[in-house]
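One structure below.
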Amino acid sequence: MKVSSVEAGEVPKGVVSASKRVKRVMSVIDFILRIVAAISTLGSALSMGTARETLPFRTQFVKFRAVFEDLPTFMFFVMSNSIVCAYLVLSLALSFFHILRSTAVKSRILMVLLDTIMYGLLTAGAAAAAAIVFLAHRGNPSANWFPICQQYNYFCKRISGSVIGSFFAVVLFMILILMSSISISKH
């Protein structure tokens with residue numbers, strides 16, 4: 001009696017190739033998202049790192065200027081975005097490897113772990129900087145902190161754009177982690 005391939009537990013060749021094709025497409029999308037996230041974090045770090053403004057008036061003893069280095073939160077933001085950008089550039093090699101070998105599982109697990117760590121670092125830096133940017137725009141009358149963005153308009157535009165770029169990279173990291181987890185679970 002002849003047993004069909006479905007009864008024997010074999011998977012038809014068309015299904016296997018479709019599964020590999022889906023994993024390869026997901027790997028290509030992963031590679032592209034890593035490039036976009038690296039550009040976003042690099043842009044955020046450069047924008048914040050070069051944000052400075054000096055007001056056109058000064059007194060005999062005081063020069064009115066705003067520099068990102070004056071706040072440790074912004075320093076942490078620049079460092080966290082720089083570290084994540086370096087990680088993303090280095091992880092491109094492993095992401096390219098996943099395009100070539102779509103069945104690699106252990107390296108995908110490592111990528112999910114490292115992506116999650118970098119996601120936490122990037123989120124911490126972006127959230128801390130967002131709190132300071134909010135204070136710069138709104139101030140806090142209860143603590144007698146006045147908004148500085150009325151005087152330092154250029155500086156505030158730069159730091160606000162930098163935080164937006166960083167949160168864009170946070171969203172991309174969420175997508176990367178979800179895609180990697182899905183590709184591992186389908187294995």
Side-chain angles (χ1 to χ4, degrees), residues 28-96 111-181:
V28 169
I29 293 171
D30 180 84
F31 187 78
I32 292 169
L33 287 177
R34 285 183 189 281
I35 291 172
V36 172
I39 291 169
S40 179
T41 55
L42 179 65
S44 293
L46 288 175
S47 178
M48 181 71 78
T50 58
R52 61 189 78 237
E53 183 177 4
T54 304
L55 293 181
F57 58 87
R58 63 180 102 192
T59 66
Q60 185 177 3
F61 302 107
V62 179
K63 184 178 182 181
F64 297 100
R65 68 185 178 100
V67 182
F68 87 99
E69 296 150 339
D70 292 339
L71 293 165
T73 305
F74 289 159
M75 294 289 289
F76 174 65
F77 177 83
V78 170
M79 292 304 296
S80 65
N81 274 285
S82 301
I83 290 169
V84 171
C85 180
Y87 163 75
L88 285 168
V89 169
L90 292 175
S91 71
L92 286 175
L94 198 54
S95 184
F96 186 72
M111 288 282 279
V112 168
L113 177 68
L114 293 175
D115 283 350
T116 305
I117 292 169
M118 292 299 143
Y119 169 74
L121 178 64
L122 187 64
T123 304
I132 299 300
V133 168
F134 179 80
L135 281 176
H137 281 281
R138 304 284 175 140
N140 187 349
S142 302
N144 286 330
W145 293 341
F146 301 107
I148 65 163
C149 286
Q150 296 166 356
Q151 292 83 20
Y152 299 101
N153 193 20
Y154 173 75
F155 178 76
C156 286
K157 284 181 183 178
R158 293 285 298 254
I159 62 175
S160 298
S162 181
V163 170
I164 290 169
S166 188
F167 275 115
F168 178 68
V170 166
V171 170
L172 290 178
F173 256 103
M174 281 192 243
I175 295 169
L176 283 170
I177 291 170
L178 287 174
M179 282 180 47
S180 296
S181 300

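- Atom CZ of F146 and atom CG of N144 lie 5.0 Å apart (nearest 0.5 Å).
- When all heavy atoms of M179 and D30 are compared, the closest pair comes out as CE-N, 3.8 Å.
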For this session: Verify side-chain contact (heavy atoms from CB on, under 4.5 Å) between D115 and R34, making sure each step is shown before the conclusion.
Result: CA-CA 10 Å; D115 283 350; R34 285 183 189 281; 2.6 Å; yes
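- To the nearest 0.5 Å, the span separating CE on M118 from OG on S80 amounts to 10.5 Å.
- Judged by distance alone, the side chain of S166 and the main-chain N or O of S162 form no donor-acceptor pair under 3.5 Å.
- Between S82 and A45, the shortest heavy-atom distance links the atoms OG-CB, 3.8 Å.
- Residues A51 and R158 approach most closely at CB-CB, 3.9 Å, considering heavy atoms.
- The number of heavy atoms from other shown groups lying within 6.0 Å of CE (M174) is above 12.
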Point to revise | Test log, rule side-chain contact (heavy atoms from CB on, under 4.5 Å), inputs Y119 and L176 | key: CA-CA 10 Å; Y119 169 74; L176 283 170; over 6 Å; no
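- Between Y87 and L114, the closest heavy-atom pair is OH-CB, 3.4 Å.
- From L121, atom CG reaches atom OG1 of T116 across 12.5 Å, with rounding to the nearest 0.5 Å.
- Between the side chain of T41 and the backbone N or O of A37 there is at least one donor-acceptor pair closer than 3.5 Å.
- A donor-acceptor pair is defined here as one N or O able to donate and one able to accept, closer than 3.5 Å; no such pair exists between the side chain of T73 and the backbone of A129.
- For S44 (side chain) and V163 (main-chain N/O), no donor-acceptor pair under 3.5 Å exists by modelled atom type.
- Between the side chain of T50 and the main chain of L46, a donor-acceptor pair closer than 3.5 Å is present.
- Between F168 and L172 there is a side-chain heavy-atom pair separated by less than 4.5 Å.
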Using side-chain contact (heavy atoms from CB on, under 4.5 Å), reason through F134 and N140 one step at a time and then give a plain yes or no.
CA-CA 10 Å; F134 179 80; N140 187 349; over 6 Å; no
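- Once rounded to the nearest 0.5 Å, the distance linking CE of M111 with CD1 of I177 reads 10.5 Å.
- Two residues are said to be in side-chain contact when any heavy atoms from C-beta on lie closer than 4.5 Å; F173 and L88 meet this criterion.
- In this structure, OG in S47 is found 11.0 Å from CG in L42, a value given to the nearest 0.5 Å.
- Heavy-atom minimum distance, A124 versus F76: C-CE2, 3.7 Å.
- Taking each heavy atom of V89 and A38 in turn, the nearest pair found is CG2-CB, 4.3 Å.
- Considering only heavy atoms from C-beta on, F74 stays 4.5 Å or farther from V78 through its side chain.
- Rounding to the nearest 0.5 Å gives a distance of 11.0 Å between CD of Q150 and NE2 of H137.
- Between N81 and M48, every side-chain heavy-atom pair lies at or beyond the 4.5 Å cut-off.
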